[in-house]
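Here is the structure we will look at, set down as C-alpha cells.
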Amino acid sequence: MPSYTYRVIDPDGKEKKVRTPGVGARDHAVFCRQCATILKAGVSAINTLQMMSEQTENRALGSAAARMADELGRGETLSSAMRRERVFPPILADVVDSGESSGTLDTAFDKMAVWFEKEDKLSRTVRRATLYPLAVFGVAVCIIIAMLAFIVPNFMEMFGETDVEMPALTQAVISVSDFFVKYWWLLAIIAAVIIAAVILYSHTESGQVLFGKLKLWMPLSGRMRTDMCCAMFAGTLSTLLQSGIPMGEALEITGDSMDGNILLRRAVYDAEEQVEQGVALSKPVSMSGLFPPMVIHMISIGEETGALEDMLETIAEYYEEEASRAAEHITAVAEPVIIVILAVITGIIIMAVLQPMLTLYDSIDRL
C-alpha cells in the first residue's frame, strides 16, 4: 500500500513522523494535476473539490476533498482546510496558501504536481537500486540455507558407515551444517534481536546521525543518496521560491521535507538561521560539508545573477539524472558481485561433498 511520510512539530516542540496511509507521492501528483486542470478551466475551488471527491481513484484523497469542499462552503480557506487533513503534507498546504494569496491557485497546484512527480521518480530510483539486489541476495541466502539444512546432511549420511577419512573442508562444512540444523532457532533469535536493536537505535538521535553518515558515505549507494538529497533540496526550495514563499520560510519547509537524513535536515535548518541574519545561502551550504562543490557554485552564481530559482531548478534536474544513473550502476555492480559470492559459497559446499566421494571411488579402484 502506498504512503507518504512527512514531519510535523507537536505543541511541545518535538518532531514526529506522520504517515499518510494509502496515499503515495504519485497519488498526490495526480490529485494536484487534476485540480490544476479543472481550476484553469475557470471552475471554482469548491466545485473543483466536489468534482475531485467523485472522480479521484484514491479513496483517502476523495474523502479529504469532500470534507474540504464542506469547509470551503462554511467560509474556510483551502489551505487551512488542507492543513486539517492528514493525507496532505504541510508543503502542499503552504504552496496552496501562497497561491490563494496571489490569486494563482491553479499554478500552485501545477507546481506541486511537478514536485510530487519528481519525488515519486526519486523514490522509484531508490527502489530500483535496492529491491533487485536484495531479492537476488535473499534467493542466494535461501539456496545456501537449503544446501546446509538438507542437501549436505543427506549426502553425509551415505558416508557415515564407511571408513573414508573426511577431508578438512568436508569436516568444516559438516560442522557448519550440524550447527545450523541443531541451533537454527538460536540463529533466528540472534538475527531478530540484532534487527530489533538496529531499528530501535535508528530511532534515537545518535542512531539517526550514524545512519545518516553511512547513507551518504557508503560505497556505491552513498553517491546515489547524495544525488537524491541534492535533487530534493534544490527542487523543493525552487518550487517554494517560485510560489512566492520567502526564503527563510522556504528553507524551513525544505528542511522538513529532508526526512531521509538528519544531517542534511540540520544543515538546511542552519542555513535558514544564517539566511535570516543576512548571510548568503551559498555560505552555510558550503560550510555544511555535505553538498557537492557543483551545488555550492551554482547557488552562488544564482545569487549573483538574481536567478536563484532557475539555478536551483537546474541543479534539481541535473542531480535527478545523476541519481538515476547511480541507481543503474548499483544494480549493474551488485548483481554480479552477489552471484560471484553465491558461486564461491556453493562451490565450497559442492567440493566438500565431492571430496569424500572421490576418496571412496579411489578406495574401490584399489580393491
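Everything numeric here is computed off the predicted structure, so don't read it as measured data. Counting begins at 1 with the first residue of the sequence.
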May I ask you to say whether Arg83 pairs ionically with Asp94, meaning some side-chain N is under 4.0 Å from a carboxylate O?
yes
Going through the distances and angles, do Arg74 and Asp70 end up as a salt bridge (Lys or Arg N to Asp or Glu O under 4.0 Å)?
CA-CA 7 Å; Arg74 294 194 293 269; Asp70 292 339; 5.4 Å; no
Who passes side-chain contact (heavy atoms from CB on, under 4.5 Å) against Ala66, sequence neighbours left out?
Ser53
Quick check: are there more than 12 heavy atoms from other residues, nucleotides or ligands sitting under 6.0 Å from CE of Met247?
yes
Before you tell me yes or no, could you show the steps for Phe31 and Phe88 under ring-ring contact (aromatic ring centres under 6.0 Å, His included), namely the whole-Å CA-CA distance, both residues' side-chain angles and the distance that decides it to 0.1 Å?
CA-CA 11 Å; Phe31 180 86; Phe88 297 111; 5.4 Å; yes
So, Asp178 and Lys182, do they make that salt bridge, N to O below 4.0 Å?
no
Qualifying salt bridge (Lys or Arg N to Asp or Glu O under 4.0 Å) pairs, either residue in residues 131-144, two or more places apart:
none
Apply side-chain contact (heavy atoms from CB on, under 4.5 Å) to Thr37 and list each qualifying residue two or more places apart in sequence or on a separate chain.
none
Once side-chain contact (heavy atoms from CB on, under 4.5 Å) is applied, do any residues pair with Ala231, and if so which ones, sequence neighbours excluded?
Leu122, Tyr319, Glu320
Supply the atom-to-atom distance Glu76 CD to Arg67 CZ, rounded to the nearest 0.5 angstrom.
14.5 Å
Test: Arg325 and Glu328 ion pair at under 4.0 Å:
no
Under 3.5 Å: donor-acceptor pair, side chain of Ser80, backbone of Thr77
yes
Rounded distance (nearest 0.5 Å) linking atom CH2 of Trp184 with atom CD1 of Ile145
11.5 Å
Are Glu303 and Ser282 linked by a side-chain donor-acceptor pair shorter than 3.5 Å?
yes
Look only at the side chain of Ser123 and the backbone of Glu119, and say whether a donor-acceptor pair between them is shorter than 3.5 Å.
yes
Check: residues 238-246 side-chain donor-acceptor pairs under 3.5 Å, at least two apart:
| unit_1 | atom_1 | unit_2 | atom_2 | d |
| --- | --- | --- | --- | --- |
| Ser238 | OG | Gln242 | NE2 | 3.2 |
| Ser238 | OG | Glu309 | O | 3.1 |
| Thr239 | OG1 | Gly235 | O | 2.9 |
| Gln242 | OE1 | Lys111 | NZ | 3.4 |
| Gln242 | NE2 | Glu313 | OE1 | 3.0 |
| Ser243 | OG | Thr239 | O | 2.8 |

Just to verify, what does Arg26 make a salt bridge (charged side-chain N to carboxylate O under 4.0 Å, His left out) with, not counting sequence neighbours?
none
